[in-house]
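Letters go in sequence order (proteins before strands), and every chain restarts at 1. The shown structure was predicted, so the numbers you read here are calculated from the model rather than taken from an experiment.
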There are 2 protein chains.
Amino acid sequence: MSISSRFAVGIHILSLLEINKDKVNTSEFIASSVNTNPAVIRKITGMLKNAGLVKVRPGVAGASLAKELTHITLLDVYKAVNVVQDKELFGMHENPNPDCLVGRNIQKAIDPIFSAAELALEKALGTVTIADVVKDILEKEKSMS
Amino acid sequence: MSISSRFAVGIHILSLLEINKDKVNTSEFIASSVNTNPAVIRKITGMLKNAGLVKVRPGVAGASLAKELTHITLLDVYKAVNVVQDKELFGMHENPNPDCLVGRNIQKAIDPIFSAAELALEKALGTVTIADVVKDILEKEKSMS
DNA sequence: TTACTTGTAACAGAAATGATTACATGTAAT
DNA sequence: ATTACATGTAATCATTTCTGTTACAAGTAA
């Protein structure tokens, strides 16, 4: 089981919008870079738009960043594309037996632990910005020559 | 999307084995506490056994802990029940376009970031032991009276 | 031999993902 | 206003994963 690739695609889109900002980034063009269907891109771009990360307008070709590179963290993207509902990274078995000491207390015992782990994950994502990713992409490109 | 509840169930099983260690913990009994099917319990218990966390024998009723409480971390359980393949917590879109600057570098750029986040998650799980969970369960029980 | 348990495989329904198609809606240029 | 083209969105489909369920072989002890 993996967290939906929407997250990775979201990062891809935002990086592309920056690196290719002088041209018109249609869903079709972005789709060709990601290697998927334009409708998939439009859906994800819509989510990024709702989160205030991207500017797009119906009927008008092209998307662009709505915020500064350095002010968009991967956590923002993660939250934007809804890959994990809040406090639900870890699935919990429902209805453990209330007649059992363990059954009636396990959820309350585990919950804060799962929350802490989830928070650690999000904190890690919050320290990286799209600017970092873009920089890295350009560096990897250089080092290929 | 959530990580399989096998993880939570695994924690439940191990806690139960400790708290109920004076009795015989058959898959049927455990299943009644978790509120699921015995076959599900046997499958998960089998995984915990393979990881050296639990003792079970074919034909002989009951399971028990194979290690000390304080030496079983939630990370051990997490790894044991195979809810997430190593380095695959975050799904990645396959085959981005190699003819695109972003497409051909995005994976290498994102990979270490995803790994770091995954590591942060695992580190958080590594700091908690089954002993902590058991203690918490007993405390929650007390505070209910 | 009997009674019971674990180990496993097979199968089914439910939910999520990603791709695809289709089309309504919106915009701008002619 | 008409035309050309892009976005927004819903519907559908194949695939995968999960959880539960059933069934049964194999192991153990009385």
Side-chain angles (χ1 to χ4, degrees), chain A residues 1-10 12-13 17 23-51 54-64 66 80-85 88-97, chain B residues 1-10 12-13 17 23-51 54-64 66 80-85 88-97:
Chain A
M1 199 280 331
S2 289
I3 289 173
S4 165
S5 68
R6 273 205 307 281
F7 181 30
V9 172
H12 186 137
I13 292 173
L17 291 185
K23 294 180 185 161
V24 178
N25 296 291
T26 64
S27 62
E28 189 173 4
F29 170 74
I30 300 173
S32 81
S33 172
V34 172
N35 189 26
T36 183
N37 193 289
V40 171
I41 298 299
R42 289 199 288 273
K43 184 173 181 184
I44 298 175
T45 303
M47 290 174 160
L48 297 174
K49 178 188 180 181
N50 287 338
V54 151
K55 282 182 285 192
V56 221
R57 279 166 42 204
V60 168
S64 57
V81 297
N82 258 305
V83 282
V84 172
Q85 302 307 107
E88 293 189 10
L89 174 59
F90 295 99
M92 192 88 99
H93 52 300
E94 303 297 325
N95 314 313
N97 191 341
Chain B
M1 197 280 332
S2 290
I3 290 173
S4 165
S5 67
R6 272 205 308 280
F7 181 30
V9 173
H12 186 138
I13 293 173
L17 291 186
K23 295 180 185 160
V24 178
N25 296 291
T26 64
S27 63
E28 190 173 3
F29 170 73
I30 301 173
S32 81
S33 171
V34 172
N35 189 27
T36 183
N37 192 289
V40 171
I41 298 299
R42 289 199 288 272
K43 184 173 181 185
I44 298 176
T45 303
M47 290 175 161
L48 297 173
K49 178 189 182 182
N50 287 338
V54 151
K55 282 184 284 193
V56 222
R57 281 166 42 203
V60 82
S64 57
V81 296
N82 258 307
V83 282
V84 172
Q85 302 307 106
E88 292 190 11
L89 175 58
F90 296 99
M92 192 86 100
H93 51 300
E94 303 297 324
N95 313 313
N97 192 343

message = Would Val81(A) and Val9(A) count as a side chain to side chain contact (heavy atoms under 4.5 Å, CB included) here? Give the steps.
response = CA-CA 9 Å; Val81(A) 297; Val9(A) 172; over 6 Å; no
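- Leu48(B) and Ala80(B) get closest at one heavy-atom pair: CD2-CB, 4.1 Å.
- With a 4.5 Å cut-off on side-chain heavy atoms, Met1(A) and Met1(B) count as touching.
- For Thr26(B) and dT5(C), the shortest distance from a side-chain N or O to OP1 or OP2 is not below 4.0 Å.
- Protein chain A contacts DNA chain D over a range whose 5' and 3' limits, counting nucleotides with an atom under 4.0 angstrom from a non-hydrogen atom, are dA6(D) to dC18(D).
- Side-chain contact check for Ile13(A) versus Asn25(A): every heavy-atom pair is 4.5 Å or farther apart.
- Taking 4.0 angstrom as the limit, Lys49(B) places a side-chain polar atom (N or O) nearer than this to OP1 or OP2 of dG7(C).
- Heavy atoms of Gly62(B) sit under 4.0 angstrom from primed sugar atoms or phosphate atoms, though from no base atom.
- Between Ile44(A) and Gly10(A), the shortest heavy-atom contact is CG2-CA, 4.2 Å.
- If you measure from atom CG of Asn50(B) to atom P of dT8(C), you get 8 Å, rounded to the nearest angstrom.
- Residue Arg6(B) comes nearest to Asn82(B) through the heavy atom pair NH2-O, 3.0 Å, listed as atom of the first residue, atom of the second, then distance.
- In terms of heavy-atom proximity, Ala63(A) sits nearest to Thr45(A) at CB-CG2, 4.3 Å.
- Rounded to whole Å, atom C1' of dC4(C) lies 10 Å from atom CD of Glu28(B).
- Of the possible polar contacts, none joining the Ser4(A) side chain to the Val83(A) backbone as a donor-acceptor pair under 3.5 Å is found.
- Residues Pro96(B) and His12(A) come closest through the heavy atom pair CB-CE1, 4.0 Å.
- Rounded to a whole Å, the CZ atom of Phe29(B) is 18 Å from the C1' atom of dC4(C).
- The minimum heavy-atom distance between Gly91(B) and Ala8(A), with the atom names listed, is O-CB, 3.6 Å.
- Atom pair Arg42(B):CZ and dA10(C):P shows a separation of 16 Å (rounding to whole Å applied).
- A heavy atom closer than 4.0 Å to some atom of DNA chain C occurs in Val56(B), Arg57(B), Pro58(B), Gly59(B), Val60(B), Ala61(B), these being the qualifying members of residues 54-61 of chain B.
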Close N/O contacts between protein and nucleotides 13-20 of chain C (under 3.5 Å):
unit_1, atom_1, unit_2, atom_2, d
dG18(C), OP1, Ser5(A), N, 3.0
dG18(C), OP1, Ser5(A), OG, 2.7
dG18(C), OP2, Ser4(A), OG, 2.6
dA19(C), OP1, Thr36(A), OG1, 3.4
dA19(C), OP2, Thr36(A), OG1, 2.6

request  = Would you sort out whether Leu17(A) and Val54(A) count as a side chain to side chain contact (heavy atoms under 4.5 Å, CB included), showing the intermediate values?
outcome  = CA-CA 9 Å; Leu17(A) 291 185; Val54(A) 151; 3.7 Å; yes
